[in-house]
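Encoded as structure tokens, the structure appears first; notes follow it.
Every chain is numbered from 1, with letters handed out A, B, ... down the list of sequences.
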Amino acid sequence: MDTIARYLSLHVENMTGAVVRVADRPLGSLMTILVIAIALAVPAGLRVMVDNARALSGTWQGAADFTVYLEMAVDDPAAEDLALQIRQRNDVERAELLDRSDALVEFRAYSGFGEALDLLAENPLPHAIIVRPAGTSADLDQLVEDLDALEETALVQLDTEWLERLRAILELARRVVDVTTVLLGLAVIVVIGNTIRLEIGNRREEIEIIKLVGGSDGYIRRPFLYLGLCYGVGAGILAALIIVLGLGLVASPARALMELYGSDYRLAGLSLADMAWLLGVGGFLGWAGAGIAVARHLREIEPS
Amino acid sequence: MDTIARYLSLHVENMTGAVVRVADRPLGSLMTILVIAIALAVPAGLRVMVDNARALSGTWQGAADFTVYLEMAVDDPAAEDLALQIRQRNDVERAELLDRSDALVEFRAYSGFGEALDLLAENPLPHAIIVRPAGTSADLDQLVEDLDALEETALVQLDTEWLERLRAILELARRVVDVTTVLLGLAVIVVIGNTIRLEIGNRREEIEIIKLVGGSDGYIRRPFLYLGLCYGVGAGILAALIIVLGLGLVASPARALMELYGSDYRLAGLSLADMAWLLGVGGFLGWAGAGIAVARHLREIEPS
Amino acid sequence: MIRFENVRKRYPAGREALRGVSFRLERGEMAFLTGPSGAGKSTLLKLVALIERPTRGTVLVASQNTARVPRRRIPQFRRQIGIVFQDHKLLHDRTVFDNVALPLMISSLRRRELRGRVRAALDQVGLLRYENQFPLSLSSGEQQRVGIARAVASRPQLVIADEPTGNLDPGLSLEIMRLFGRFNDVGTTVLIATHDLELISRMGYRRLYLEAGSMAGPAAVPG
Amino acid sequence: MIRFENVRKRYPAGREALRGVSFRLERGEMAFLTGPSGAGKSTLLKLVALIERPTRGTVLVASQNTARVPRRRIPQFRRQIGIVFQDHKLLHDRTVFDNVALPLMISSLRRRELRGRVRAALDQVGLLRYENQFPLSLSSGEQQRVGIARAVASRPQLVIADEPTGNLDPGLSLEIMRLFGRFNDVGTTVLIATHDLELISRMGYRRLYLEAGSMAGPAAVPG
Ligand SMILES: Nc1ncnc2c1ncn2[C@@H]1O[C@H](COP(=O)(O)OP(=O)(O)OP(=O)(O)O)[C@@H](O)[C@H]1O
Ligand SMILES: Nc1ncnc2c1ncn2[C@@H]1O[C@H](COP(=O)(O)OP(=O)(O)OP(=O)(O)O)[C@@H](O)[C@H]1O
Ligand SMILES: [Mg+2]
Ligand SMILES: [Mg+2]
């Protein structure tokens, strides 16, 4: 019992020692923490942006609905009949008849050539059925093939080009962010490891002396690990702050973009869970970086 | 003459001394250089990506051409006449008549609803004149107004929505990259300053001793400045390498994206000028960071 | 307590600091180690404290063969020895009190007891009034005495000291040597390397004489 | 060469190390500074080398009032003084040769001349054979002698030494003191703080005696 209490008090002592050391040279420590914070904030911030873009792309278009255009000759009752038939398929979630006149309105709204269509002499559109598939993309191919084979069908059009473009852009952005994340995560470990390494160098004499009077490796190692942890957690907090500020800076062009799409989507900020993540990752990287540095460099220092 | 020669030899000695010091502890120095390189590479790499996207968006659509749809009643000779008239305006660079039948073909190709148009009973399109304006966007408003006022004109359509969306996205990306650049540029200075600060701490005894035997501040400062320079230049080189590798990693999704647009645009890499820039910026930031750290911390160390 | 058997020490640089040294220091004994500069005195003490390991021969300390103490057991091994260093080896960013308390903190001594022991040790070297000062604000003689206080604060069974009076005036030197004598009186084994021949001739403890890495004279008692 | 006029030194901690010291050391003179531990010997030498500044009173060195030497001129000021430190103050990552060469490099001496002077200085302290060794591989007496070689290599007009024989055996101590005597013979002013009363009584130079921050006895020659 007593031993455990003493061990704990030793730990607490080390921890406060580390905090004191950070607070003791406020500027130097703040600089270290700032660098780590930036290295954490950049990928986290970029990730928030990409997540936002994804959520936004979700609001732009539902699932990959597609349109079945019927022959001009198909009349209203036949078209409605067909829609019902399609709706009953297993691989179809929804199928709605778009009346010729409704279709023209729809076409105007989405084609981007809206006003140009006012110039048309008569409604040139046939009936159309809008289908939302239920299955996977493999099922989709089969479904399209089936519908195309119907004799009433003039054309099946998968209007997914725009969505695909967007997905490709986001995919690319995600890849860029991934590369950045790996690079900067590496940077965090190296910065902390490096700082601890130089810190160890600065305390070379102290380490030697403690070894000389019988301090074990664990005793020497502990304050450095706590120091790394302090750096990491401090950096996590600061990173959250930087992201909030950074999002503020990009908020205005983002809003401009939203307006272009007539969207009332609001940019999502950093959630509490994200912040907890940042703290956790910061603390872990700090501890790990310190551990690596200590393991590498503590043995090198032997009294002579 | 002799004094200058000695002074120069002192400089050379310091420079080689710095290089030797970097090479002497290969791992530690490489770590420092790696961090700085990452901090340089991330904004530079993102910048390259955004530049690419801009160049690409340039190939997608020329200047902001717009279309003047004529009344259905306007016949071929009258349309041709009007096109000639428009072409002669000062604020118009080019004006081309798009024949009704040609227009249908064009419409099919660009609207994304191409095949759906095959279902139309007859050509519903009027003649159209495609106008490329010559002046600024202020002139443009006047031009559009004038053309809209012509009695033959049914509709003037500025089809710039897609381009505007793209520009907004790129503007947003550029803003994000700017924030990132400032943050990471700051990080570079702090990392170098911090490293030099700890390096100075590690050499505290040496500095004290040199001061005791009469070494001037300049004599003590010089090797640290060269060390910072070495870190910066080394990091610049490594950053170029990282960018080349990073671009390699995002090349495949980028190509997928290009294919979606049917573009044969090839991703531009890092030019020699960019690399020179990286080296220059790295070297400058290295020297500056070291200078700041040295100025701050050298005075603190006085023999006692 | 200490037994050297034909110990040789050759440093990596190639210089041979000890060339076959054998002697024995009994539990509770006190002895002075003398010899000219570069004779190997510090080297001998370093072998006792496991700061260096012998190239050949056997070093036994408190019945343990030092060759059999693995790296990770060295801290424990050192805790039974109080060492006074030629260059003090004090921590400059801790107070005199904290410096003396260091070995006790490492052994996780209870706070109350630690305090008592540290102050007793400081009192013995006459520096109690400086307990809250930092080492840099002390004269070198004062620093040396802080080092002595640290070495004895944990009441080790063996104390080794490398020229503990090098920076002290003759009067203080004698006093410090008498202090070591008092530790010896209560059973501590003491080995002191010193140049102060005049001083030790007055004190009459056993003398070990090293010259060019070999033990000479009547002091050498083959193990 | 050195003139103290009613010099007082109070350290920030509040302790008064010198309480009104006046004395004069003529150009070409050699003197020993003695006194018990904590008397203020090191403090006095630090005032000469501008490592500390007096709280009150005037310190003149080589006809310069040290109070009038601004911070940025201190390096130049120090280059005219050779200093031997109590704790050697050697650079551990440079060879013995480079350590001794340091003050000469700082004065941008030509390579050829530098080499000659360094080797001559090392020869004088009997360590020429160690020129390519690193300080850590030397015994402390050897390190102390390297420090002496460094102090005299630039042939300064004034040499001050703080207990330069603290880690040396009596024989070597005498030899080193004689070496300082020889520098003095060729015109160098020398001031040495030491505890080795027996030794200096044999040498017969002037003695300055400090006690508790005041100069006492016949040595004190009011400025
Ligand atoms: N780490 C080392 N590497 C190489 N040689 C060393 C090392 N330490 C000591 N030596 C050499 O071993 C010899 C004995 O050194 P040691 O320090 O034991 O002498 P000493 O008797 O303590 O001398 P002093 O009285 O001057 O302190 C010396 O010649 C010294 O140069
Ligand atoms: N930097 C400092 N700050 C505060 N007090 C100091 C400082 N340096 C020395 N002192 C105090 O001033 C007094 C004189 O110290 P000094 O080092 O001059 O003594 P000394 O004569 O050289 O002693 P020794 O023979 O032990 O080296 C001592 O009481 C010491 O504690
Ligand atoms: Mg020794
Ligand atoms: Mg002193």
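Neither the backbone nor the side chain of Ile36(B) comes within less than 4.5 Å of any heavy atom in chain A. Of the two parts of Arg296(B), only the side chain, counted from C-beta on, holds a non-hydrogen atom closer than 4.5 Å to a non-hydrogen atom of chain A. At a 4.5 Å heavy-atom cutoff, Leu247(B) makes no contact with chain A through either its backbone or its side chain. Neither the backbone nor the side chain of Leu245(A) comes within less than 4.5 Å of any heavy atom in chain B. When heavy atoms are compared at a cutoff of 4.5 Å, Met49(B) approaches chain A solely by way of its side chain, counted from C-beta outward.
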Show me, pair by pair, the donor-acceptor contacts under 3.5 angstrom made by side chains of residues 181-194 of chain A, not counting sequence neighbours?
unit_1: Thr181(A); atom_1: OG1; unit_2: Arg47(A); atom_2: NH2; d: 3.1
unit_1: Thr181(A); atom_1: OG1; unit_2: Val177(A); atom_2: O; d: 2.7
unit_1: Asn194(A); atom_1: OD1; unit_2: Arg197(A); atom_2: NE; d: 3.1
unit_1: Asn194(A); atom_1: OD1; unit_2: Arg197(A); atom_2: NH2; d: 3.0
unit_1: Asn194(A); atom_1: ND2; unit_2: Thr32(B); atom_2: OG1; d: 2.7

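Screening Glu205(A), Glu206(A), Arg203(A), Glu208(A) against Ile301(A) for a side-chain contact (heavy atoms from CB on, under 4.5 Å) leaves a single residue, Glu208(A).
Nearest heavy-atom pair, Ile243(B) versus Gly45(B), reported as atom, atom and distance to 0.1 Å: CD1-N, 3.8 Å.
Per-residue counts of heavy-atom pairs under 4.5 Å with chain B were compared for Val42(A), Val179(A), Thr180(A); the largest is that of Val42(A).
Here the side chains of Ile200(B) and Phe224(B) are in contact, with some heavy-atom distance below 4.5 Å. Residues Leu238(B) and Ile38(B) have side chains not in contact (no heavy-atom distance under 4.5 Å, counting atoms from C-beta outward).
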